[in-house]
Amino acid sequence: MTVRTRFAPSPTGYLHIGGVRTALYSWLHARKNGGKFVLRIEDTDRERSTQESVDAILEGMEWIGLDYDEGPIFQTDRFDRYAEVIQQLLDQGDAYHCYCTREELDEMREQQRANKEKPRYNGKCRDLKDPKDGREAVIRFKNPVDGDVVIDDLIKGKIVINNRELDDLIIARSDGTPTYNLTVVVDDLDMKMTHIIRGDDHVNNTPRQINMMKALGAELPKFAHAPMILGDDGKRLSKRHGAVSVMQYRDDGFFPQAVLNYLLRLGWSHGDQEIFNREEMIEFFNIENVNGAPSTFNTQKLIWLNEQYIKTLPVNEVIAHLQWHLDNQNLDTTNGPALGEVIEAHRDRAKTLKELAATIRYYYEDFSEYDEKASKKHFKTATANILQNVLDKLTALDSWQADSINNAIKATCEELELGMGKVGPALRVAVTGSAVSPSLDITLALVGKDKTLERLKAAVAFAIAKYANL
RNA sequence: GUCCCCAUCGUCUAGCGGUUAGGACACCGCCCUUUCACGGCGGUAACCGGGGUUCAAGUCCCCGUGGGGACGCCA
């Protein structure tokens with residue numbers, strides 16, 4: 001039997017990072033077993049579902065790189081089918097109309113809580129003989145009264161729930177529209193899902209769904225419930241912990257590969273290996289190795305992974321993802337040094353693509369002022385003289401290469417009898433505007449001769465003016 | 001409150017009855033170094049508590065405790 005898995009988000013907001021992790025597990029399980037991965041949009045709640053959210057999910061899936069073989073399938077397109085199954089359940093005697101009002105239900109729950117009981121529907125309308133036509137009614141599934149439901153969870157192991165804990169859940173609202181627990185069951189069955197991989201906030205729904213599947217005479221799929229991701233305060237990860245929308249990670253400068261890698265290792269491991277490319281993820285992943293305990297999201301480690309990717313990914317791939325940030329930050333790199341060479345010079349010191357894009361600006365655009373701290377610290381009384389000397393040496397250069405530039409700088413050091421520590425920093429600030437850059441020879445080589453000389457002249461003038469005013 | 005799940009360094013984890021309890025992030029040293037980083041080497045740091053089972057328990061069982069989840073005409 002072909003393995004079939006799905007990711008079934010409801011479009012009521014952005015694509016959550018926790019959702020991405022269960023999607024990843026589903027995707028990996030399908031890919032590993034040569035199966036199919038389906039994207040299904042659970043939009044039966046028309047009040048809260050929005051087109052923007054649908055777009056956000058689609059955009060997120062594309063950016064993160066989880067490709068699906070079927071879908072997106074919208075549940076709102078399948079209402080006829082749900083109505084059919086609801087009718088079947090009614091005909092079989094496995095469902096019934098319930099006329100209890102919301103007020104009655106609220107009161108019932110309140111009383112149960114007061115009695116320290118678990119709030120559940122008391123089955124008042126369960127055995128009503130004569131359907132009362134014309135009165136507003138919901139339809140409830142007739143859950144078995146006794147016996148146990150056993151879930152052989154691939155991640156959590158055996159979970160046993162007694163039917164006494166369950167109640168007759170609503171499968172159709174009074175307006176006739178189907179509810180979640182009914183639609184998932186119908187869809188997972190119709191779409192021939194073999195493995196239901198989802199967050200463990202659904203474990204409580206699973207026995208109900210199993211009961212419905214049984215009532216429909218279906219063969220049960222396998223279940224795997226992955227634990228939630230927690231924020232650093234031990235609470236379920238949410239907006240107040242920072243970034244939870246997957247697209248926020250793009251905006252913050254992360255590679256989708258790094259995010260995926262991080263999410264994979266959060267709650268799963270393969271020996272001591274930390275870095276996994278797509279092929280390795282698929283090869284080594286095993287749903288049964290997923291940790292049953294919830295884990296805490298740690299941005300520091302994600303940043304570390306991202307650094308590893310910046311350092312090692314082929315330059316073209318770095319460019320492909322960096323471009324979005326360059327555009328976003330309005331930096332045009334067409335006139336200036338080859339972007340690939342600039343990346344090579346900077347990749348060992350950037351944590352994120354956003355940061356990388358921001359730090360390479362001086363290769364392509366002139367800066368209007370020096371970093372305040374840097375100029376204060378490195379532009380001293382003698383600086384104008386030093387920079388003038390370097391300027392002369394560099395001007396005389398025929399070949400604008402890292403090694404010749406390096407020789408010229410050293411010549412200045414010797415001539416003025418100064419250490420590199422006296423010359424380098426001032427030169428760096430003069431040419432880049434800041435106290436941080438790759439090694440000077442490489443930096444100047446990339447900035448180019450014309451720009452370098454121009455900036456040096458400006459710096460000499462600046463240094464002279466600075467002390468003339470005192 | 002009731003039911004379900006979970007429990008190894010601060011964090012992510014390895015461990016699947018016998019280990020000096022391993023790795024990674026973070027942190028702290030040292031080295032490298034023209035800045036900032038990268039990198040290299042080293043260090044601090046954990047089996048929630050109590051009972052069992054066993055020659056032997058981080059590993060198996062039970063009870064506590066702690067944390068998470070669920071209890072909607074949401075999904």
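To find a chain, count down the sequence lines: A is the first, B the second, and so on, and within it residues start at 1.
- For the OP1/OP2 pair of rA75(B) and a distance below 4.0 Å, the side-chain nitrogens and oxygens of Thr44(A) include at least one atom meeting the criterion.
- The Ile170(A) side chain lies nearest to rC73(B) when the options are rA7(B), rC73(B), rA75(B).
- Using a 90° window around 0 for the glycosidic torsion, rC38(B) falls inside it and is classed as syn.
- Residues Gly424(A) and Gly267(A) both approach RNA chain B. Their nearest nucleotides, taken by heavy-atom distance, put Gly267(A) toward the 5′ side.
- Atom pair Met228(A):CE and rG67(B):P shows a separation of 19 Å (rounding to whole Å applied).
- Among the heavy atoms of the strands lying under 4.0 Å from His202(A) is at least one base atom, whether or not backbone atoms are also near.
- For rG58(B), there is no paired nucleotide, since no Watson-Crick or G-U wobble pair has both relevant distances below 3.5 Å.
- For Ala293(A), counting side-chain heavy atoms from C-beta on, the closest listed nucleotide (rA26(B), rG23(B), rC6(B)) is rC6(B).
- Between the base of rC38(B) and the side chain of Arg349(A) there is no donor-acceptor pair shorter than 3.5 Å.
- Straight-line distance from the OH atom of Tyr121(A) to the C1' atom of rA70(B): 21 Å, rounded to whole Å.
- For Arg198(A) (side chain) and Ala23(A) (main-chain N/O), no donor-acceptor pair under 3.5 Å exists by modelled atom type.
- With 3.5 Å as the limit, one finds no donor-acceptor pair spanning the side chains of Gln111(A) and Glu117(A).
- Both Thr177(A) and Gly157(A) lie near RNA chain B, and the one whose nearest nucleotide falls closer to the 5' end is Gly157(A).
- Each of rU13(B), rC25(B), rG1(B) was ranked by its minimum atom distance to the side chain of Trp304(A); first place goes to rC25(B).
- Of the listed nucleotides (rU2(B), rC12(B), rU35(B)), rC12(B) has the atom at the smallest distance from the side chain of Arg265(A).
- One finds a side-chain N or O of Lys311(A) lying less than 4.0 angstrom from the OP1 or OP2 phosphate oxygen of rG39(B).
- In this structure, of rU34(B), rG39(B), rC25(B), it is rG39(B) that holds the atom nearest to the side chain of Gln308(A).
- For Ser269(A), no side-chain nitrogen or oxygen approaches OP1 or OP2 of rA24(B) to under 4.0 Å.
- Across all strands shown, the partner of rC3(B) is rG69(B), judged by Watson-Crick or G-U wobble contacts whose two distances both fall under 3.5 Å.
- Nucleotide rC9(B) forms a pair with no other nucleotide shown, judged by Watson-Crick or G-U wobble geometry with both contacts under 3.5 Å.
- Of the N and O atoms on the side chains of Asn163(A) and Asp146(A), not one donor lies less than 3.5 Å from an acceptor on the other residue.
- Applying the 6.0 Å contact sphere to NZ of Lys393(A) captures more than 12 heavy atoms from other residues, nucleotides or ligands.
- Taking atom CD of Glu274(A) as the reference point, atom P of rC25(B) lies 7 Å away to the nearest angstrom.
- Dashed line: the shortest gap from a side-chain N or O of Arg120(A) to OP1 or OP2 of rG1(B) is not under 4.0 Å.
- Between Asn261(A) atom CG and rC12(B) atom P there is a gap of 17 Å when expressed in whole angstrom units.
- The CG-P distance, from Asp200(A) to rC3(B), rounds to 19 Å in whole Å.
- Set against rA37(B), rC12(B), rC71(B), the side chain of Arg113(A) has rC71(B) as its closest nucleotide.
- Closest to the side chain of Arg236(A), out of rG69(B), rA75(B), rG23(B), is rG69(B).
- Comparing rA14(B) with rG23(B), their C1' atoms are spaced 7 Å from each other, to the whole Å.
- Closest to the side chain of Asn291(A), out of rG22(B), rU13(B), rA24(B), is rU13(B).
- Note: Phe285(A) and Tyr25(A) have parallel aromatic rings, judged against thresholds of 30 and 60 degrees for the angle between ring planes.
- The side chain of Pro119(A) lies closest to rG72(B) when the candidates are rC73(B), rA75(B), rG72(B).
- Taking only side-chain atoms of Arg109(A), from C-beta outward, the nucleotide of rG72(B), rU2(B), rU34(B) with the closest atom is rG72(B).
- One N or O donor and one acceptor, one from the side chain of Ser174(A) and one from the base of rC73(B), sit under 3.5 Å apart.
- Checked by atom type, the side-chain pair Gln51(A)/Asp55(A) shows a donor-acceptor distance below 3.5 Å.
- Rounded to an integer number of Å, the gap from CG of Asn163(A) to P of rC3(B) is 16 Å.
- Pairing of rU53(B), defined by two Watson-Crick or G-U wobble distances under 3.5 Å, is not identified with any nucleotide.
- Rounded to an integer number of Å, the gap from Asn115(A) CG to rG1(B) P is 15 Å.
- Whole-Å rounding puts the Phe297(A) CZ to rG67(B) P distance at 24 Å.
- On a pure distance criterion of 3.5 Å, no polar donor-acceptor pair joins the side chain of Asp201(A) and the base of rA75(B).
- Taking the centre and axis of the six-membered ring of Tyr121(A), the NZ or CZ atom of Arg140(A) falls inside the cone set by 45° and 6.0 Å.
- Look at the C1' atom in both rC71(B) and rG64(B): the space between them is 25 Å, to the nearest Å.
- For Lys235(A) and rG68(B), the shortest distance from a side-chain N or O to OP1 or OP2 is below 4.0 Å.
- Within a 6.0 Å radius of NZ in Lys311(A), other residues, nucleotides and ligands contribute more than 12 heavy atoms.
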